[in-house]
Undergrad: 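Quick one: structure below, then a few questions.
Only a predicted model underlies this, so the values are computations on that prediction, with no experimental measurement involved. Here is how names work: the chains are called A, B, and so on, in the same order as the sequence lines, proteins then strands, and each is numbered from 1.
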Protein chains: 2
Amino acid sequence: MTDFNSDIFKTIDPERRGTTSEEVISQLREMIHRGDLRPGDRLPPERDLAKLLGVSRPTLRAGIRSLAAVGVLHSRQGAGTFVVKADGPPSLDSSPLRLMASLHGFTSAEMFEARQSLEMAVAGLAAERATGDQMASMSEEVAGMFASLDDPEQFLVHDVRFHQTVAAASGNRILTSLMNMVATILFDTRIKTVKRATDLKESAEMHRHVYRAIRERNPDAARAAMREHLERAQRAWELEKQDAADDTPADGSGGNGAGGAH
Amino acid sequence: MTDFNSDIFKTIDPERRGTTSEEVISQLREMIHRGDLRPGDRLPPERDLAKLLGVSRPTLRAGIRSLAAVGVLHSRQGAGTFVVKADGPPSLDSSPLRLMASLHGFTSAEMFEARQSLEMAVAGLAAERATGDQMASMSEEVAGMFASLDDPEQFLVHDVRFHQTVAAASGNRILTSLMNMVATILFDTRIKTVKRATDLKESAEMHRHVYRAIRERNPDAARAAMREHLERAQRAWELEKQDAADDTPADGSGGNGAGGAH
DNA sequence: TATTAAAATCGGTCATACCATTTATCCGGC
DNA sequence: GCCGGATAAATGGTATGACCGATTTTAATA
């Protein structure tokens, strides 16, 4: 646990430009940029930090809350406020995208396409860079899919892990984060979907094609396989949406939210 | 100006799961999802809304601030709090990505690559879908680049507009938003960079190649042209970074922040 | 009618107190 | 001496009330 014995926290300049809370945000952001605050670090208690920065506690809390909203800080009652730890792949919060989708009326087709583009990109990169371990993981997940054709829930677990492994193999954490951001939104209702065994078998086959293309270090083939995989998944989802339209006749506009095999 | 005469705002259930402010966030998000709150709408005054929701004003403000941090709401002192208007292309706040880059130590090469993948994707889609107007706009921007080879600042304006036009022509606002998110981060220091005329001319040529490929409805060529364009831009930026290393010997680690011709 | 000034509106900030949860401490029993 | 549960301290979450500053609206005035 880091001790802030030195005066890292400078008092807010009264002759600032924006609002006080904005200045607090800037202050904290710069400290993260400079490395004064590192992942996992714990911030001083709000009461102390407010004094250090020369602002009131509500104002400080406003700044903290803004940074917490974007996933940089995390406050736990009774424990403290921490810089989000970088365990595993870095992830961006998908709620902003989700809300933007609502505000602008994004269609699920648009979401699918965005995901498709991102998945194709990472698949291509993965074909160039995947390590032996990563390819072994992909193979295992594909095998897991074939082994759980009769268990859609378990199938979905392997499905998700396969895509995450491919993304990790791309070596680009930004693309990985963006992809997860979109995939998360598409995932929510996907888990509710009951899939037919034939769909699962076809899906598993498509994943195997992607894996083989990556294994053969063929980016174009990997991209093509991923494209076809997700196109089929989207078509399957659209069909299922039609069927499910009878169950929930209300709000038949379709709109946002999506899911389905993938 | 929307009037909230009806009781759209339900009192927060005391038997909730998370914290009170989280419940406020959920409440507001659902209202946006349901369409009760539409882009441009103004929320009731904080004091009134707090009463309607049955929470205190600080708690309500915490929720509002969280949504404002992700770009869904916007508060103006004296005026009120509004749902962000959807004028022009929807945009995601890039600060989360920026902070994540700091936390995880993303290299600028990784940023460049992510941008390249996204730009290639939208260029390919644009080649399939660009309208006549959009292609005309691209052409104008390319012409503007050639016309401002001696004015780097003006050149950059046309440069940015060209890429935004291509993104818009892709017809996928999600990819466009993600691309802008990454491009924004790369842009910040780019404007400071002074470019040589030869670089600008080459850059303009590359943009023309992209435009022509889109004009000819050739997605593969568009992707290839965009790839080469951004690869050259990255190389040029890296060279310039080397040169600039003498001016700012401190913090020679490079780290984040990027720019350069593109 | 147009301009200006006053007033109401509304978000921003501050101070204070208390609650809920977590963490650390202490003490007794084994 | 060691362990475990009870107690206390630390810390974020919420509430109340007040005041300030920017904005908008309204009214008075030229």
Undergrad: Please confirm whether the backbone N or O of B:Ser177 pairs with a side-chain atom of B:Asn180, one donor and one acceptor, at under 3.5 Å?
TA: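 Pair absent, no side-chain N/O of B:Asn180 close to backbone of B:Ser177.
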Undergrad: Would one find a side-chain N or O of A:Ser21 under 4.0 angstrom from OP1 or OP2 of C:dT13?
TA: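 Yes, within the criterion.
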Undergrad: Tell me which nucleotide among C:dG11, C:dC18, C:dT13 gets nearest to the side chain of B:Arg47.
TA: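 Comparing C:dG11, C:dC18, C:dT13 against the side chain of B:Arg47, the answer is C:dG11.
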Undergrad: For B:Arg161, enumerate each residue passing the side-chain contact (heavy atoms from CB on, under 4.5 Å) test, keeping only those at least two apart in sequence or located in another chain.
TA: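 B:Arg161 satisfies side-chain contact (heavy atoms from CB on, under 4.5 Å) with B:Glu141, B:Val157, B:His158 only.
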Undergrad: Residues in side-chain contact (heavy atoms from CB on, under 4.5 Å) with B:Gln116, at least two apart?
TA: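 side-chain contact (heavy atoms from CB on, under 4.5 Å) check on B:Gln116 returns B:Met120, B:Arg227, B:Leu230, B:Glu231.
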Undergrad: Could you check whether any side-chain N or O of A:Thr131 sits under 3.5 Å from a backbone N or O of A:Gln134, counting only pairs where one atom can act as donor and the other as acceptor?
TA: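 Yes, A:Thr131 side chain to A:Gln134 backbone: donor-acceptor pair under 3.5 Å.
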Undergrad: Just grab all the side-chain hydrogen bond (donor to acceptor under 3.5 Å, both in side chains) pairs involving residues 58-68 of chain B, residues at least two apart or on different chains.
TA: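 Those involving residues 58-68 of chain B are A:Ser21-B:Arg65, A:Arg65-B:Ser66, A:Ser66-B:Arg65, B:Glu46-B:Arg61, B:Ser56-B:Thr59.
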Undergrad: Distance check: side-chain N/O of B:Thr19 vs OP1/OP2 of D:dG13, anything under 4.0 Å?
TA: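 No, outside the criterion.
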Undergrad: Mind calculating the distance between CD (A:Glu23) and C1' (C:dT13) to the nearest angstrom?
TA: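 Nearest whole value for this atom pair: 15 Å.
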Undergrad: For DNA chain C, find the residues of residues 70-79 of chain A with a heavy-atom distance under 4.0 Å and give them by number; none if there aren't any.
TA: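 Going residue by residue through residues 70-79 of chain A, the ones with a heavy atom under 4.0 Å of DNA chain C turn out to be A:Arg76, A:Gln77, A:Gly78, A:Ala79.
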Undergrad: Counting just side-chain N and O atoms, does A:Thr81 come under 4.0 Å of either OP1 or OP2 of D:dG12?
TA: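 Affirmative; the distance criterion is met.
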Undergrad: What's the CZ-C1' distance between B:Phe82 and C:dT9, to the nearest Å?
TA: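 The answer, rounded to whole Å, is 12 Å.
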Undergrad: In whole angstrom, what separates B:Glu22's CD from C:dA20's P?
TA: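 That distance rounds to 17 Å.
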Undergrad: With a cut-off of less than 4.0 Å, is there a side-chain N or O of A:Thr20 near OP1 or OP2 of C:dG12?
TA: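 Checking C:dG12 against A:Thr20, no side-chain N or O comes under 4.0 Å of OP1 or OP2.
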Undergrad: Got a sec, which residues hit side-chain contact (heavy atoms from CB on, under 4.5 Å) with A:Ser95, two or more places apart in sequence or on another chain?
TA: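 A:Asp93, B:Arg29.
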Undergrad: For B:Ala121, check side-chain contact (heavy atoms from CB on, under 4.5 Å) against everything at least two apart and list the hits.
TA: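 Testing B:Ala121 for side-chain contact (heavy atoms from CB on, under 4.5 Å), a comparison that skips the adjacent residues, returns A:Ser117.
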Undergrad: Could you list the donor-acceptor pairs under 3.5 angstrom formed by side chains in residues 74-83 of chain B, with sequence neighbours left out?
TA:
{"from": "B:Ser75", "atom 1": "OG", "to": "B:Thr81", "atom 2": "OG1", "distance (Å)": "2.9"}

Undergrad: Please work out which residues in residues 56-66 of chain A have a non-hydrogen atom less than 4.0 Å from an atom of DNA chain D and list them by number.
TA: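 Residues of residues 56-66 of chain A that come under 4.0 Å of DNA chain D are, in numerical order, A:Arg57, A:Arg61.
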Undergrad: Name all pairs fulfilling the salt bridge (Lys or Arg N to Asp or Glu O under 4.0 Å) condition that reach into residues 94-114 of chain A, sequence neighbours left out, sorted by first residue then second.
TA: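 Salt bridge (Lys or Arg N to Asp or Glu O under 4.0 Å) check on residues 94-114 of chain A returns A:Arg98-A:Asp188, A:Glu110-B:Arg173, A:Glu113-B:Arg129.
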